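Comments concern the structure below.
Computed from a predicted model, the values in this text were never measured in an experiment.
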Amino acid sequence: MEYTCVDYRAEMILLGLKRRLHLEELSEEEREEIILQVEKLEAKTGLD
């Protein structure tokens, strides 16, 4: 499997979202939205 710019970008977005979950004080609504985004991105890319 070839690793492309799209793969790298998705991986960096995923890392950023996960970092936000651990570093920032978020409202419950923001936390749920980020978790949803992480789950969608992981499903789309196969990363987890």
Sub-4.5 Å side-chain heavy-atom contact between R9 and I13: yes

Check the surroundings of atom OH in Y3: do more than 12 heavy atoms from other residues, nucleotides or ligands lie under 6.0 Å from it? yes

Using side-chain heavy atoms (C-beta onward) and a distance below 4.5 Å, is E42 in contact with Q37? no

To the nearest 0.5 angstrom, please state how far the CE atom of M12 sits from the CZ atom of R19. 9.0 Å

Please report the closest heavy-atom contact between L26 and I34, naming both atoms and the distance. CD1-CD1, 3.6 Å

Is L23 linked to L17 within one hydrophobic cluster, defined over Ile, Leu, Val, Met, Phe, Trp and Tyr using a side-chain heavy-atom separation of less than 4.5 Å? no

In terms of side-chain geometry, is the basic nitrogen of E33 or R20 positioned less than 4.0 Å from the acidic oxygen of its partner? no

Considering non-hydrogen atoms only, spot the tightest contact between A10 and L41 and give its length. O-CD2, 3.4 Å

Does the side chain of I35 come within less than 4.5 Å of L21's, by heavy atoms? yes

